[in-house]
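In each ligand, atom 1 is the first atom listed, and ligand 1 is the first ligand listed.
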Amino acid sequence: MSLIRMVELPAFGDGRGDLVSIEAGLHIPFAIQRVYCLYSLGDHPRGMHAHRQLQQLAFCVHGSCRFVLDDGAARESVVLSTPTQGLLIGNLVWREMHDFTDDCVIMVLASEHYNEADYIRDYDEFLALLKA
Ligand code: TYD
């Protein structure tokens, strides 16, 4: 099974512009506890961690970037370039973000409040946890 789980988000466009809607429990399998955005991104990769419990949905509100997901067995890459394509990221999945366009804005919907203790920021520790 692919690590890349995309969710098609419904868009409502008319002569006035576009609108994308996301509903917890309908388009994403968790209740949203937190929303954050990444913007003013440069050449530095972001992410480079996994989470013990946290689930997320990420999408590019504007511009594009490349996500790399890694579950310790496989490593897969996907380019996000439209607000209607959300990437579901489960717990215990290593994620990296690369290749941001200058105008890239990433929105992330998260299943938990921010908790540094939920992060695994060391790749070897991540692999060791999977084997435990
Ligand atoms: P981090 O999650 O490491 O960024 P990324 O994975 O996108 O590279 O977060 C960067 C900093 O921001 C870190 O000091 C923690 C802080 N932070 C919060 O305080 N609250 C949040 O909701 C998030 C996502 C990060």
Side-chain angles (χ1 to χ4, degrees):
M1 201 176 77
S2 175
L3 270 172
I4 307 299
R5 292 187 292 155
M6 300 303 301
V7 178
E8 188 70 31
L9 302 169
F12 304 92
D14 55 33
R16 301 168 299 155
D18 293 317
L19 181 159
V20 65
S21 167
I22 305 161
E23 297 192 40
L26 190 61
H27 307 111
I28 52 176
F30 55 81
I32 300 161
Q33 298 293 342
R34 177 166 52 110
V35 177
Y36 64 91
C37 282
L38 293 147
Y39 57 98
S40 304
L41 299 159
D43 294 333
H44 302 286
R46 301 293 305 243
M48 317 301 287
H49 65 257
H51 285 279
R52 296 171 200 277
Q53 300 294 338
L54 190 74
Q55 302 176 67
Q56 294 171 303
L57 180 97
F59 60 99
C60 270
V61 178
H62 204 248
S64 73
C65 72
R66 184 170 61 88
F67 270 73
V68 173
L69 300 186
D70 180 336
D71 66 358
R75 192 173 170 86
E76 293 185 42
S77 184
V78 63
V79 172
L80 301 187
S81 59
T82 163
T84 60
Q85 294 270 305
L87 175 66
L88 270 175
I89 309 171
N91 63 326
L92 294 180
V93 174
W94 184 267
R95 86 288 316 277
E96 301 177 4
M97 290 158 262
H98 301 272
D99 303 340
F100 310 105
T101 56
D102 288 345
D103 57 353
C104 181
V105 179
I106 303 166
M107 182 169 278
V108 183
L109 313 181
S111 65
E112 313 284 344
H113 288 271
Y114 173 73
N115 175 14
E116 184 60 35
D118 190 65
Y119 280 73
I120 309 159
R121 294 191 182 272
D122 181 89
Y123 187 72
D124 290 335
E125 186 188 338
F126 167 65
L127 293 181
L129 193 73
L130 292 176
K131 287 184 190 133

Legend entry - D14 CG: over 12 foreign heavy atoms closer than 6.0 Å: yes
Inset, instruction - Salt-bridge test for E116 and R121: reply yes if a basic N is under 4.0 Å from a carboxylate O, no otherwise. - result: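 Here E116 pairs with R121 in a salt bridge, since their nearest N and O are under 4.0 Å apart.
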Legend entry - Ionic contact status for E112 with R52, cut-off 4.0 Å: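 E112 and R52: not salt-bridged.
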Legend entry - Parallel, tilted or perpendicular, as decided by the 30° and 60° cut-offs, for the rings of Y123 and W94: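 Taking Y123 first and then W94, their aromatic rings stand perpendicular (interplane angle over 60°).
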Legend entry - Qualifying residue, where the test is side chain to side chain contact (heavy atoms under 4.5 Å, CB included) with L87 and the options are L57, V7, L69: L69
Legend entry - ILVMFWY cluster membership beyond F12 - transitive side-chain contacts under 4.5 angstrom: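 Besides F12, the cluster holds L19.
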Inset, instruction - Check each protein residue for a heavy atom under 4.0 Å from ligand 1 and list those that pass, ordered by chain and number. - result: R34, Y36, L38, R46, G47, H49, Y114, Y119, R121
